[in-house]
Each structure stands twice: as structure tokens, then as C-alpha cells.
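Everything on this sheet refers to the single structure shown next.
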Protein chains: 2
Amino acid sequence: MVTDKGGRHRNPLAALGEFIQKKGLKHSRQRDAIARAFFAMGGHVPVDALVARVREQDPRVSVATVYRTMKLLAECGLAVPRRFGEGQTRYEPSTRRHSDAHDHLICTSCGEIVEFESDRISELQLRVARRHGFEIDRRRVELYGRCSDCRRGTSKGESIA
Amino acid sequence: MVTDKGGRHRNPLAALGEFIQKKGLKHSRQRDAIARAFFAMGGHVPVDALVARVREQDPRVSVATVYRTMKLLAECGLAVPRRFGEGQTRYEPSTRRHSDAHDHLICTSCGEIVEFESDRISELQLRVARRHGFEIDRRRVELYGRCSDCRRGTSKGESIA
DNA sequence: TGTCATCTTGATAACGATTATCACTATCAA
DNA sequence: TTGATAGTGATAATCGTTATCAAGATGACA
Ligand SMILES: [Mn+2]
Ligand SMILES: [Mn+2]
Ligand SMILES: [Zn+2]
Ligand SMILES: [Zn+2]
């Protein structure tokens, strides 16, 4: 058992293995490589970056397989897909050390992503929703602006429009 | 002058005309029809729905022109583009009667969209951002769940997955 | 009212991220 | 080892949107 009471995983690779077993799926070199690369990268990983990383080890893995594997990781709760309005999906690991109930600050100048979590805000949102008869099960909160570095011009590069 | 002190417009069609003049652009039957249809529909209009509506009057307007015109309306602050994670862009009017600083509750079952505005929440978000050195200029807050109708099964149809 | 530079339009090709398809290969329980 | 089943890679397809470009419309000015 690699899943603790909270439903989160101390060892994501083992948890993936367990999930694969349970579902009658099969292990594969590619899935292992992709999951390994993903958890080694950390952060908010765009799929194409993950593809590049995986191909350093095995140049033949196809993009299709990377997409399929990330979808699998999302399905078993080890990864969370994020869309920060760049038209591309990013995935971030969802481990017990790292709650996926957080929100994001995104610098529109350098692309930096900062995470934050505010129970105050979440609580108020739930309350507003309830007042309108809604029962919330997914939130999407993204705050776009400029980080301190970019505002003072010390920026690492004006990458994002 | 059809723009009041707040920068919002009592007559969006006239405001569009003004903008077109000022920018050295030209008036056109299509732009007028599209803008008219858009403001007549109200709400959060998907582009394809707008295309359909416009074509009831003039079957030859091309999708390209509708996209171009909506981009124009956005440029002059008369419309705001929204992406509610369905892969398609919706536009909503931005008039003085209707602030575009609001957020959305979206029913994942019937697709209903309810607007809300909470100064409490916005204030807390700005504060959190500031604490991280960010200066926010755009927010994206969407709360997904089920509306009261859908929860009690009286639903108007399980349209959205 | 006509001219003409400039803008706009419609049809359609292109785009980019993601998914579907399908022939072939790998896995694994028996 | 086998055979049923799942996974893979290459690539076509999808879908919303944008780019392209030849043809048409607009409007300041003569
Ligand atoms: Mn995150
Ligand atoms: Mn709205
Ligand atoms: Zn920055
Ligand atoms: Zn509903």
C-alpha cells in the first residue's frame, strides 16, 4: 500500500503501478520513463517539454504516448492538468506534499508561476456559490500580472505577450 | 460623444462607429449587422451562435468577418472574450450597465452561467498577489459545479460533460 | 459625381494542440 | 510458450481560430 489515508501518494511511481494492476492494464517501458521524467521535472510542465525530456532517454517515444500517459496519471490522481491560457496544457504533480487545491499567480512578462492558497478566499467563493444555489466541485483561479522582477526591469526576458 | 466619464458606453453601436472613425477604419454593412446581433443576443455568446444569428439576416457573412468584428469590439472595450474551458471563445457585452469585473459560476450539467461580483474576494486576491510581489491586471475566476435545478434532477438536460 | 487609395470581405488554406485510427509489438496470466 | 489483450508509433483527423489573397466596398477629395 503506497497510498495513505488522504488519498495522496508518498511514491507516485509505485502508486501508478498499483493503479495499472488494479485496472488490468499493463506496465511498459514508456509509461515508466514518462512518469519518471514528469516527477523529476516538477512544477507546471508543458507536454512538449515533457516529450523533449523523455526523448533524451528514449528518442522514439511518441507524443501520442506521452499524452496518453499524462491522461492516465491524471485519472489516478497523480497529476493535475492546467490551462493557463497559452493554448497548451501543463501538468503538475499532485502529491501529498503538494495540494492541488491551490491557485496561481502568473507573470505575463516572464511567465513565472507562483502558487498560493487562501482558505479565506476559497471559503468566500463557496459561500457565494451556495447563495446562488451552486455546489462547486472545481475552481479555476488565475491571477495575471507582472512579478516584481519584471516590474523593475531586471527581468529575465520578456517572453510572454 | 457617446462615451461617458467612466469609459463605458450608453450606445455601443454609436461607440463602435466613433472608434471606427477615430482609427481611420471604414463602416460596413457586415460590421453593423454583427454588432447589432451581438448586442441583441446578450449574455455569453459563442462565436458560432453569433454567426448563425447574423446569417439569419445575411447568409453570406463569413465566419472570418465575425471573428474579425468581435476582435474589433474587444479592442474598443465593447466586448470581452471569455474562455470557459469548452475550447470555444464566448464574447459578452461590456456596457456601463454591466461591469466586466465580475466572475462566473458555471453549471457543468446544463451549462448555465451565473455572474457574481465580490469586492471581498477581489480585495483578498489583490492582497495575496501584492504579498508575492505581483501587480495584477487580469483575473480569471471560474467556479464549476451544479446548479440547484440540476442537483434536484429537474434539469433542463445534461448537455455538458 | 467620379476617382482612387485604402480598407473590408469571403473563401479557403494553414495552424497548433490534441485525439483517433490502425497495423504492429509488448505484456503477462495461464 | 502461448494467446488474449493492452500499448505503441506514425500519422491522419479534428476543431477553433487566424492568415492569405483576390475581389469588392468605402469615403475623402477633386
Ligand atoms: Mn500549481
Ligand atoms: Mn459575464
Ligand atoms: Zn516576471
Ligand atoms: Zn444546471
Side-chain angles (χ1 to χ4, degrees), chain A residues 16-38 44-52 54-76 79-91 160-161, chain B residues 16-38 44-55 57-76 79-91 160-161:
Chain A
L16 174 60
E18 227 175 62
F19 182 86
I20 285 175
Q21 294 267 345
K22 186 171 31 182
K23 289 276 186 177
L25 307 179
K26 292 173 181 175
H27 294 277
S28 83
R29 179 173 39 82
Q30 293 89 333
R31 281 179 177 165
D32 191 66
I34 293 165
R36 234 175 253 287
F38 172 63
H44 307 85
V45 188
V47 176
D48 62 341
L50 180 55
V51 169
V54 170
R55 283 183 172 164
E56 289 173 12
Q57 302 307 122
D58 181 350
R60 321 188 224 204
V61 293
S62 98
V63 288
T65 298
V66 174
Y67 275 107
R68 289 188 279 235
T69 301
M70 291 320 293
K71 191 166 273 191
L72 189 64
L73 287 180
E75 218 179 299
C76 61
V80 180
R82 302 278 186 192
R83 311 251 152 100
F84 293 144
E86 316 143 292
Q88 93 202 143
T89 301
R90 289 165 182 262
Y91 280 92
I160 297 188
Chain B
L16 175 60
E18 227 176 63
F19 183 86
I20 285 175
Q21 293 267 348
K22 186 169 34 184
K23 289 277 187 177
L25 306 180
K26 291 173 179 173
H27 293 278
S28 82
R29 180 172 38 82
Q30 293 88 332
R31 280 180 178 162
D32 191 65
I34 293 164
R36 233 173 252 289
F38 172 63
H44 306 85
V45 187
V47 176
D48 61 341
L50 181 55
V51 169
R53 178 71 161 259
V54 170
R55 283 183 172 165
Q57 302 308 121
D58 181 349
R60 324 185 221 205
V61 294
S62 98
V63 289
T65 298
V66 175
Y67 275 107
R68 289 188 279 236
T69 301
M70 291 319 294
K71 192 165 273 190
L72 190 64
L73 287 181
E75 220 179 298
C76 59
V80 180
R82 303 278 186 192
R83 311 251 153 101
F84 293 144
E86 317 142 289
Q88 92 203 143
T89 301
R90 289 166 182 262
Y91 280 92
I160 298 186

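Sequence lines set the chain letters: A, B, ... in the order given, protein chains first and strands last, and positions in each chain run from 1. Side-chain atoms are counted along with the backbone in the values below, which use heavy atoms only and exclude waters and symmetry mates. Just so it is clear, the structure is predicted and the values come from calculations on it, not from any experiment.
- Within the nucleic acid shown, B:Val61 comes within 4.0 Å of sugar-phosphate atoms alone, with no base atom in reach, counting heavy atoms only.
- Using a 4.0 Å heavy-atom cutoff across all strands shown, A:Lys23 reaches no nucleic acid atom at all.
- Across B:Gln21 and B:His27, no two heavy atoms sit closer than the pair NE2-NE2, 3.6 Å.
- Looking at B:Arg68, its side chain comes within 3.5 Å of the base of C:dG10 through a donor and an acceptor atom.
- Contact annotation: A:Arg29 does not reach the phosphate of C:dA26 (side-chain N/O to OP1 or OP2, under 4.0 Å).
- Phosphate proximity of C:dA29 to A:Lys26: absent, as no side-chain N or O sits under 4.0 Å from OP1 or OP2.
- Between the P atom of D:dA23 and the CZ atom of B:Arg60 lies a distance of 18 Å, rounded to the nearest Å.
- For the OP1/OP2 pair of D:dT17 and a distance below 4.0 Å, the side-chain nitrogens and oxygens of B:Tyr67 include at least one atom meeting the criterion.
- Residue whose closest nucleotide on DNA chain C sits further toward the 5' end, between B:Ala64 and A:Gly87: B:Ala64.
- Using a 4.0 Å cut-off, some side-chain N or O of B:Thr65 falls inside it from OP1 or OP2 of C:dG10.
- Each of A:Gln30 and A:Val63 was matched to the nucleotide of DNA chain D holding its nearest heavy atom; the match closer to the 5' end belongs to A:Gln30.
- Minimum heavy-atom separation, A:Val54 to A:Ile34: CG2-CA, 3.9 Å.
- When all heavy atoms of B:Leu50 and B:Met70 are compared, the closest pair comes out as CD2-SD, 3.5 Å.
- Atom-to-atom, NE2 of B:His27 to C1' of C:dT8 comes out at 13 Å; the value is rounded to the nearest Å.
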